[in-house]
Amino acid sequence: MSGTSLDGLDIAFCEFSETQEGKWQFAIVKAETIEYEASQKASLADLMTSSGIQLTQADFEFGRFIGNEVKAFCNRYNLTPDFVASHGHTIFHQPASGFTLQIGSGAGIYAACGFPVIADFRSVDVALGGQGAPLVPIGDKLLFSDYEFCLNLGGIANISYDDPSGARIAYDICPVNIVMNYYAKKLGQEYDKDGILAGKGKVNQELLAQINRLPFYSQPGPKSLGKEWIDEVVFPLLAQSQESEENILATFSQHIAEKIAETVNTALNKKPLSKSKLLATGGGAFNKHLIENLQKELPSVEVVVAPSEIVMFKEALIFAFLGVLRMKNKANCLKSVTGASTDNIGGCLYGPLPKFN
């Protein structure tokens, strides 16, 4: 898994089993994040404006990079996976225009590591009229059923939950680490550890109101966000404020908390619960200032920060699970989440067909 916040390449070796009652169990056996070198970060960040030849070359090079890192990881821990499930790194995500692109050639991964590879999980859903995102909710539903809400605080915040009919609902809410990390870097930090920088700032109420009124937030779901929208809409608005980095971090942290709380409260109004729990994962879950803001906005909901291993590697875990569903010929993408015409099975296979039950 490689996220839009460019934290690094997440690799997780996971095991799954299904009980006779149809309940899934899992274990993360080993997991690591391979940090990108500065030049690699810059290259990935610039690919949106590259030529077709450069993009095609980067696709194969990044695939070989993933495959080599997977092979080294497996050698370090003496592991032999049934297959590799790769999300890749998103360069373009424009489902309204009918396309999405995650680089990291499946053929390149397979050639480098030698294990069967499943890649390109989003394209089928987009071709079927869906948003191609988020894909994690089916994993939320089947692996984390003890929580009414599953919230991921990655580059972009997304949430999933069951509606009153039992259908899984999920969509992107707002930017998180793409924005927060950008302003932390302006202050010489890779990210805002524990939200200390945001805690030093003051919320600009006028700027907060402007961000909260952005048209995306009034659109009905399912909906998804791409980095393009953040670059074109959010960053210019924040820059125009001429606020200090600390004040922007404080203001945007409050924006994130309010938009998440608005989403959860709307869902609870449709499906009243005497008590509900929200599971927070993704890098933003380590931001204590943000989590405190969120809990203040949701006094009737228990906000639970997942164990650190789940926080860091949940998306890698779930993409491994999507691969399992793909190999068992079961739907791994839900139309109730993406808006596609039908539930579907995403993922292209490279190499021999894995043999497992």
Side-chain angles (χ1 to χ4, degrees), residues 1-15 26-45 47 58 61-79 81 83-91 102-104 108-109 112-113 115 117-119 121 134-136 139 143 150-158 176-182 184-185 189-195 227 279-288 290-291 305-323:
M1 179 72 200
S2 176
T4 51
S5 53
L6 289 171
D7 295 331
L9 180 71
D10 291 340
I11 305 178
F13 183 87
C14 308
E15 293 180 344
F26 68 87
I28 299 176
V29 179
K30 292 287 182 182
E32 286 183 0
T33 297
I34 310 300
E35 293 187 5
Y36 296 132
E37 295 180 357
S39 59
Q40 195 171 19
K41 277 188 178 184
S43 175
L44 289 170
L47 282 175
E61 288 180 351
F62 194 63
R64 285 194 292 267
F65 165 76
I66 293 173
N68 286 330
E69 291 297 341
V70 166
K71 184 176 181 179
F73 175 86
C74 291
N75 287 341
R76 274 196 297 278
Y77 300 112
N78 193 29
L79 302 170
F83 61 86
V84 177
S86 177
H87 171 271
H89 187 82
T90 298
I91 303 300
Q102 289 73 43
I103 66 165
I109 299 172
C113 73
F115 303 117
V117 173
I118 305 167
F121 284 92
L135 298 185
V136 168
L143 301 180
C150 287
L151 173 70
N152 176 58
L153 295 167
I156 292 167
N158 50 67
V176 181
N177 292 335
I178 292 176
V179 172
M180 303 296 278
N181 290 358
Y182 175 82
K185 286 172 184 174
Q189 304 295 323
E190 280 297 303
Y191 61 95
D192 187 4
K193 181 176 174 57
D194 294 332
K227 190 173 183 298
L279 181 69
T281 58
F286 290 128
N287 187 319
K288 294 178 181 178
L290 174 57
I291 295 300
V305 175
S308 60
E309 188 176 62
I310 300 296
V311 169
M312 295 174 65
F313 298 106
K314 180 178 174 233
E315 285 189 303
L317 164 75
I318 290 184
F319 272 91
F321 183 58
L322 297 185

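- The neighbour count for Tyr191 OH, taken as heavy atoms of other residues, nucleotides or ligands under 6.0 Å away, does not exceed 12.
- Across Ala12 and Ile28, no two heavy atoms sit closer than the pair CB-CG2, 4.4 Å.
- Taking the side-chain hydrogen bond (donor to acceptor under 3.5 Å, both in side chains) definition, one finds that Glu35 meets it with nothing, sequence neighbours left out.
- The shortest distance between side-chain heavy atoms of Leu153 and Ile291 falls below 4.5 Å.
- Going from atom CG of Leu151 over to atom CG of Leu279 covers 8.5 Å, rounded to the nearest 0.5 Å.
- To the nearest 0.5 Å, the span separating CD1 on Ile103 from OG on Ser86 amounts to 10.5 Å.
- Taking the six-membered ring where the residue is Trp, Phe319 and Phe121 present perpendicular rings, their angle passing 60° and hence far from 30°.
- Within the 4.5 Å cutoff, side-chain heavy atoms of Ile310 are placed close to those of Phe26.
- Between Ser2 atom OG and Gln40 atom CD the span is 8.5 Å, to the nearest 0.5 Å.
- A 6.0 Å sphere centred on CG of Asn78 holds no more than 12 heavy atoms belonging to other residues, nucleotides or ligands.
- Side-chain contact between Arg76 and Lys30: absent, with no pair of heavy atoms (C-beta onward) separated by less than 4.5 Å.
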(request) List the steps and the verdict of side-chain contact (heavy atoms from CB on, under 4.5 Å) for Val305 and Phe286. (result) CA-CA 8 Å; Val305 175; Phe286 290 128; 5.6 Å; no
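- Glu315 places none of its side-chain heavy atoms less than 4.5 Å from the side chain of Asp10.
- Residues forming a ring-ring contact (aromatic ring centres under 6.0 Å, His included) with Tyr182 (at least two apart in sequence, or on another chain): Phe235.
- Ring centroids of Tyr77 and Phe13 are separated by 6.0 Å or more, keeping the two rings apart.
- Heavy-atom minimum distance, Val311 versus Ala285: CG1-CB, 4.0 Å.
- Looking at every heavy atom in both residues, Val70 comes nearest to Cys113 through CG1-CB, 4.2 Å.
- Ring geometry for His89 versus Phe62: interplanar angle over 60°, hence perpendicular rather than tilted (30 to 60°).
- In this structure, CZ in Phe73 is found 11.0 Å from CD in Glu69, a value given to the nearest 0.5 Å.
- Interatomic distance, CG of Leu290 versus CG of Asp194, reported as 11.5 Å (0.5 Å rounding).
- Among all heavy-atom pairs drawn from Gln102 and His87, the shortest one is CB-O, 3.4 Å.
- In this structure, Gly284 and Asn177 approach most closely via the heavy-atom pair N-ND2, 3.5 Å.
- The shortest heavy-atom contact between Gly323 and Ala85 is CA-CB, 4.3 Å.
- One finds the CD1 atom of Ile11 at 4.5 Å from the CD1 atom of Ile34 (value rounded to the nearest 0.5 Å).
- No side-chain heavy atom of Met1 sits under 4.5 Å from any side-chain heavy atom of Ile318.
- Side-chain contact between Asn287 and Val176 is absent, with no heavy-atom pair separated by less than 4.5 Å.
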